[in-house]
Amino acid sequence: MVLHGIKAIFFDLDNTLIDTSGASKKAIEEVIKLLKDKSEFKEDEIHIICNRFQAKLLHEMFDPSEMTIDNLRVLHWEKSMQEIKPGDYKDLANESYALWKTKRLQLMTLSESTRNMLGELRKSVRLVLLTNGERQVQREKIEACGVSALFDAIVVGGEHSEEKPDPSIFLHCCDLVSVKPEDCVMVGDNLDTDIQGGLNAGLKATIWLNKNPQINRKPSPTPHYTIYSVNKLPEVLQNLQ
């Protein structure tokens, strides 16, 4: 594929290249089975525990000087259980976290069609993986889906002072592959980080992967282009020229 006027493409990872939400949902289902077998919690309590764990993940505040990310997430499970019924759940929390983490990473795979698309694009442009999140968590995902060899540079927000949507991390990506912002395109599913960030940094174009077309009819901020499958990207890129 020959692309004119585009020198680099920045890709988000979670829910853009890999189905993080789907993997997380299936991993939670495995923990539900575990808790049904190994705990005295009722079924409705188990679902509440899992919902509370996910809520703690969503609002997670992590300080690496205090504990590891693994220990923090074991603590999320333990606290979620204790909120339902006081007790000593350290072993059960450790087992729940280990199962959730292992299963989730196993399911974070890059589809063959996406892998092939990235390979074709890289023949014409530089590719950068730009993902927000805690360093260890994101690096483990990257290793699990085997995506490293397909990119010219990988940037994890948790390893920098600012994450998306701050322009600085986009400009850092530009520097890594020796391109100007106006020659780059950002592809991602998150309007607030991927699209707003691309706009903040003055990139040539932002391309939003809309996973919920029935809900998100009038996105804000407004991306330059919208796709409903990441594998439709090459068509948009050719039109973009």
Side-chain angles (χ1 to χ4, degrees), residues 11-39 41 43 46-60 62 68-78 80-81 92-119 127 129-151 154-159 163-164 187-190 193-194 208-213 215 227-233:
F11 281 91
D12 171 54
L13 178 65
D14 292 302
N15 299 310
T16 297
L17 294 179
I18 59 173
D19 184 13
T20 305
S21 294
S24 298
K25 182 181 178 182
K26 289 177 181 176
I28 286 290
E29 289 169 1
E30 292 299 314
V31 177
I32 289 172
K33 293 177 189 175
L34 171 74
L35 294 179
K36 283 180 180 178
D37 290 341
K38 292 199 171 185
S39 80
F41 291 112
E43 185 167 349
I46 290 170
H47 284 277
I48 294 170
I49 288 167
C50 290
N51 288 339
R52 289 188 178 181
F53 168 75
Q54 292 174 95
K56 292 179 197 304
L57 277 184
L58 196 61
H59 302 289
E60 192 169 69
F62 175 60
T68 67
I69 191 69
D70 289 320
N71 288 341
L72 176 63
R73 291 184 170 183
V74 170
L75 197 58
H76 290 340
W77 279 112
E78 189 176 0
S80 297
M81 294 172 189
L92 189 59
N94 271 292
E95 193 171 353
S96 297
Y97 174 64
L99 177 61
W100 174 82
K101 177 180 176 178
T102 301
K103 190 66 178 178
R104 194 169 82 129
L105 287 173
Q106 285 174 350
L107 293 167
M108 288 183 178
T109 57
L110 195 67
S111 73
E112 197 61 31
S113 58
T114 300
R115 189 177 295 276
N116 291 339
M117 178 196 71
L118 293 171
L127 299 185
L129 185 64
L130 174 55
T131 176
N132 276 4
E134 194 275 332
R135 179 197 62 78
Q136 178 188 322
V137 172
Q138 295 308 103
R139 290 288 175 183
E140 287 173 346
K141 291 177 189 175
I142 290 163
E143 183 177 353
C145 68
V147 77
S148 297
L150 298 168
F151 285 86
I154 293 175
V155 177
V156 175
E159 297 174 353
E163 295 188 305
K164 297 179 290 184
V187 182
D189 71 299
N190 192 304
T193 57
D194 301 319
W208 178 45
L209 175 59
N210 180 2
K211 296 277 188 80
N212 297 294
I215 300 171
I227 55 177
Y228 301 99
S229 165
V230 74
N231 294 316
K232 295 293 183 183
L233 178 63

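All figures in this text were calculated on a predicted structure; none of them were measured in a lab. We use all heavy atoms of the structure for the numbers below, so side chains are in, but hydrogens, waters and symmetry mates are not. Throughout, numbering of the chain's residues begins at 1 and tracks the sequence.
In this structure, G157 and E163 approach most closely via the heavy-atom pair C-OE2, 3.2 Å. Between L92 and F41, the closest heavy-atom pair is CD2-CE1, 4.3 Å. Of all the heavy atoms in M108 and C145, the pair that sits closest is O-CB, 3.2 Å.
No donor-acceptor pair under 3.5 Å is formed between the side chain of E43 and the backbone N or O of K36. A donor-acceptor contact shorter than 3.5 Å links the side chain of N132 to the backbone of K164. For the pair T16 (side chain) and D189 (backbone), a donor-acceptor distance under 3.5 Å is present. For the pair R139 (side chain) and V156 (backbone), a donor-acceptor distance under 3.5 Å is absent.
Between E30 and K33, at least one side-chain nitrogen of the basic residue sits less than 4.0 Å from a carboxylate oxygen of the acidic one, meeting the salt-bridge criterion. Salt bridge present: E60 and R73 bring a charged side-chain N and a carboxylate O closer than 4.0 Å.
Checking each of D12, T131, T114 against L17 for a side-chain contact (heavy atoms from CB on, under 4.5 Å) leaves exactly one that passes, namely T114.
Counting heavy-atom neighbours within 6.0 Å of K101 NZ, excluding the residue itself, gives a total above 12. Other residues, nucleotides and ligands contribute at most 12 non-hydrogen atoms within 6.0 Å of the CD atom of E143.
Side chains of S113 and N231: a donor on one and an acceptor on the other come within 3.5 Å.
W77 and F53 have parallel rings, their planes meeting at less than 30° on a 0 to 90° scale where 60° marks the start of perpendicular.
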